[in-house]
K.L.:
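Would you mind keeping the following structure in view while I ask a few things?
Computed over heavy atoms, backbone and side chain alike; hydrogens, waters and symmetry mates excluded. Note that the structure is a prediction, hence the values are computed from the model and not measured.
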Amino acid sequence: MSQLLRVQCFTVSRDGFGAGEGQSLERPFGHADPAAFASWAGATAGWVNRTDPGGTRGLDDYLTRDFRNNMGAEIMGRNKFGPQRGPWENHEWRGWWGDTPPFRTPVFVLTHHERPSFTLADTTFHFLDATPAEALARAKRAADGRDVRLGGGVATVREFLEADLVDTMHIAVAPVDLGRGERLWNSHTDLLDRFHLETVPSPSGVTHLLFWRR
């Protein structure tokens with residue numbers, strides 16, 4: 001079975017934004033309220049950052065569990081790793097996830113500025129100046145037969161969509177409007193020339209959009 005490049009548990013607002021304006025170290029989502037934006041995932045029993053027992057079951061939980069299912073590597077853009085721009089000035093800062101990142105696989109961070117790889121718990125971060133196709137080939141080798149997750153942010157997902165490399169996507173549409181920020185799409189229907197789509201509303205208020213290649 002071929003390895004897939006999958007977008008999993010990626011949240012956008014009703015007006016198509018995947019992050020707000022003004023990202024900073026203190027505000028990874030910019031002006032967007034992360035509680036309103038991503039609380040559907042954080043409430044589930046299977047959420048990757050959950051450290052205590054409990055959480056909701058049902059549709060949202062079923063889909064969040066796929067965040068790790070058969071994943072052997074992740075690709076992310078520099079904006080998902082952190083808010084810094086330009087040459088790396090502080091190698092001591094190692095991302096927003098603390099000493100135990102939730103990925104538990106090799107992670108390939110796309111950047112135009114070199115930085116040595118490092119490992120936190122069971123996640124190793126590598127920094128690549130590469131095209132989408134080159135990065136995907138590297139991640140697939142590291143994934144050892146399993147799938148590769150395309151983690152974001154928005155610009156990175158768009159870049160891989162434009163290169164026609166994405167196989168499946170799970171996009172959760174949160175019941176909020178951001179008005180400005182990083183836009184994933186004007187309308188999800190723009191993708192229907194390349195993807196089949198199933199739309200699944202959830203009792204939590206989010207709508208899950210499940211895309212797979214035609």
Side-chain angles (χ1 to χ4, degrees), residues 5-50 55-56 58-67 74-83 85 95-97 102-103 109-110 132 149-163 165-212:
L5 179 62
R6 296 161 47 192
V7 177
Q8 199 69 43
C9 300
F10 193 90
T11 303
V12 301
S13 61
R14 281 180 303 210
D15 50 352
F17 293 95
E21 191 173 70
Q23 182 194 45
S24 68
L25 182 61
E26 295 75 22
R27 298 186 65 89
F29 287 90
H31 80 282
D33 177 3
F37 198 56
S39 60
W40 72 270
T44 63
W47 182 233
V48 293
N49 289 326
R50 178 171 293 284
T56 63
L59 175 63
D60 292 345
D61 184 56
Y62 178 82
L63 290 168
T64 59
R65 289 174 185 274
D66 270 347
F67 182 82
E74 166 149 344
I75 298 170
M76 68 172 65
R78 182 167 175 176
N79 286 12
K80 180 176 177 180
F81 180 81
R85 304 293 182 266
W96 273 303
W97 306 282
F103 310 106
V109 181
L110 300 180
R149 180 174 50 244
L150 182 60
V154 173
T156 300
V157 173
R158 289 179 61 95
E159 187 176 13
F160 278 75
L161 283 170
E162 289 166 5
L165 295 173
V166 178
D167 295 298
T168 71
M169 293 196 298
H170 163 219
I171 308 293
V173 181
V176 296
D177 294 309
L178 296 186
R180 64 190 191 280
E182 294 189 65
R183 184 186 289 278
L184 181 62
W185 53 43
N186 291 316
S187 171
H188 66 274
T189 60
D190 296 341
L191 300 176
L192 296 186
D193 60 331
R194 286 182 286 158
F195 291 92
H196 298 284
L197 170 65
E198 184 173 357
T199 301
V200 187
S202 169
S204 65
V206 303
T207 299
H208 297 286
L209 304 180
L210 307 175
F211 296 87
W212 65 99

K.L.:
Does the pair V7 and F160 meet the rule for a side chain to side chain contact (heavy atoms under 4.5 Å, CB included), with working shown?
P.N.:
CA-CA 10 Å; V7 177; F160 278 75; over 6 Å; no
K.L.:
Which atom pair, heavy atoms only, marks the closest approach of A163 to P132?
P.N.:
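Taking A163 first and P132 second, the nearest heavy atoms are CB-CB, 4.3 Å.
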K.L.:
From L184 CG over to I171 CD1, what is the distance, rounded to the nearest 0.5 angstrom?
P.N.:
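Reported value, rounded in 0.5 Å steps: 5.5 Å.
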K.L.:
Are the side chain of D167 and the backbone of L5 linked by a donor-acceptor contact shorter than 3.5 Å?
P.N.:
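Answer holds: yes.
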K.L.:
With sequence neighbours excluded, tell me which residues meet side chain to side chain donor-acceptor pair (under 3.5 Å) with D66.
P.N.:
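By the side chain to side chain donor-acceptor pair (under 3.5 Å) rule, D66 matches N69.
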K.L.:
Quick check: closest heavy atoms across W96 and P83, and the distance to 0.1 Å?
P.N.:
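Taking every non-hydrogen atom into account, CZ2-CD, 3.3 Å.
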K.L.:
So which heavy atom on P175 is nearest to which on V206, and how close?
P.N.:
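So the minimum-distance heavy-atom pair works out to CD-CG1, 4.0 Å.
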K.L.:
Which heavy-atom pair separates L59 from P201 by the least distance, and what is that distance?
P.N.:
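Nearest heavy atoms, L59 then P201: CD2-O, 3.6 Å.
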K.L.:
Please report the interatomic distance NE2(H170) to CZ(F211), rounded to the nearest 0.5 Å.
P.N.:
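One finds 10.5 Å between NE2 of H170 and CZ of F211.
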K.L.:
F103 vs F67 aromatic rings, parallel, tilted or perpendicular, using cut-offs 30° and 60°?
P.N.:
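It falls in the tilted class, 30° to 60°.
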K.L.:
Holding to ring pair (Phe, Tyr, Trp, His ring centres under 6.0 Å), I want the full list of residues that pass it with F10, two or more places apart in sequence or in another chain.
P.N.:
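Expected list: none.
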K.L.:
First locate atom CG of L63, then atom NE2 of H208, and finally report the distance between them rounded to the nearest 0.5 Å.
P.N.:
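Answer rounded to 0.5 Å: 5.0 Å.
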K.L.:
For R14, check salt bridge (Lys or Arg N to Asp or Glu O under 4.0 Å) against everything at least two apart and list the hits.
P.N.:
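Scan of R14 (salt bridge (Lys or Arg N to Asp or Glu O under 4.0 Å), adjacent residues dropped) gives D177.
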K.L.:
Counting only N and O atoms by type, is there a donor-acceptor contact under 3.5 Å from the side chain of R78 to the main-chain atoms of V109?
P.N.:
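No, because the side chain of R78 does not come within donor-acceptor range (under 3.5 Å) of the backbone of V109.
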K.L.:
Is there a donor-acceptor pair closer than 3.5 Å between any side-chain N or O of H31 and the backbone N or O of E21?
P.N.:
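Checked: pair present.
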K.L.:
Nearest 0.5 angstrom please: L150 CG to R6 CZ, how far?
P.N.:
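One finds 11.5 Å between CG of L150 and CZ of R6.
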K.L.:
How far apart are the closest heavy atoms of P102 and V48, and which atoms are they?
P.N.:
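Minimum heavy-atom separation between P102 and V48: CB-CG2, 3.6 Å.
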K.L.:
If you look only at pairs with a residue in residues 40-50, which of them pass as a side chain to side chain donor-acceptor pair (under 3.5 Å), with sequence neighbours excluded?
P.N.:
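Sorted result for residues 40-50: T11-W40, T44-T64, R50-D52.
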K.L.:
E182: what forms a salt bridge (Lys or Arg N to Asp or Glu O under 4.0 Å) with it, not counting sequence neighbours?
P.N.:
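E182 satisfies salt bridge (Lys or Arg N to Asp or Glu O under 4.0 Å) with no other residue.
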K.L.:
Restricting to side chain to side chain donor-acceptor pair (under 3.5 Å), what partner residues turn up for N79, sequence neighbours left out?
P.N.:
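In terms of side chain to side chain donor-acceptor pair (under 3.5 Å), with neighbours along the sequence ignored, N79 is linked to R85.
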K.L.:
Which residues satisfy the salt bridge (Lys or Arg N to Asp or Glu O under 4.0 Å) test with E159, sequence neighbours excluded?
P.N.:
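Testing E159 for salt bridge (Lys or Arg N to Asp or Glu O under 4.0 Å), a comparison that skips the adjacent residues, returns none.
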K.L.:
Could you pull out all residues at least two apart from F17 that satisfy ring pair (Phe, Tyr, Trp, His ring centres under 6.0 Å)?
P.N.:
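Ring pair (Phe, Tyr, Trp, His ring centres under 6.0 Å) check on F17 returns nothing, list empty.
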K.L.:
Only distances under 3.5 Å count here; give the side-chain donor-acceptor pairs of residues 187-198 to other protein atoms, sequence neighbours excluded, each with its distance to 0.1 Å.
P.N.:
from, atom 1, to, atom 2, distance (Å)
S187, OG, T189, N, 3.2
S187, OG, T189, OG1, 2.7
R194, NH1, L161, O, 2.7

K.L.:
Sequence neighbours left out, what passes side chain to side chain donor-acceptor pair (under 3.5 Å) with R27? Give chain and number order.
P.N.:
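Scan of R27 (side chain to side chain donor-acceptor pair (under 3.5 Å), adjacent residues dropped) gives none.
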K.L.:
Once side chain to side chain contact (heavy atoms under 4.5 Å, CB included) is applied, do any residues pair with A43, and if so which ones, sequence neighbours excluded?
P.N.:
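Side chain to side chain contact (heavy atoms under 4.5 Å, CB included) list for A43, sorted by chain: T56.
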K.L.:
Identify, with sequence neighbours excluded, every residue that meets side chain to side chain donor-acceptor pair (under 3.5 Å) alongside S204.
P.N.:
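Only D60, S202 meet the side chain to side chain donor-acceptor pair (under 3.5 Å) criterion with S204.
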K.L.:
Please find the pair of heavy atoms, one from R65 and one from A45, that lie closest to each other, and give the distance.
P.N.:
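That closest heavy-atom pairing would be NH2-CB, 3.9 Å.
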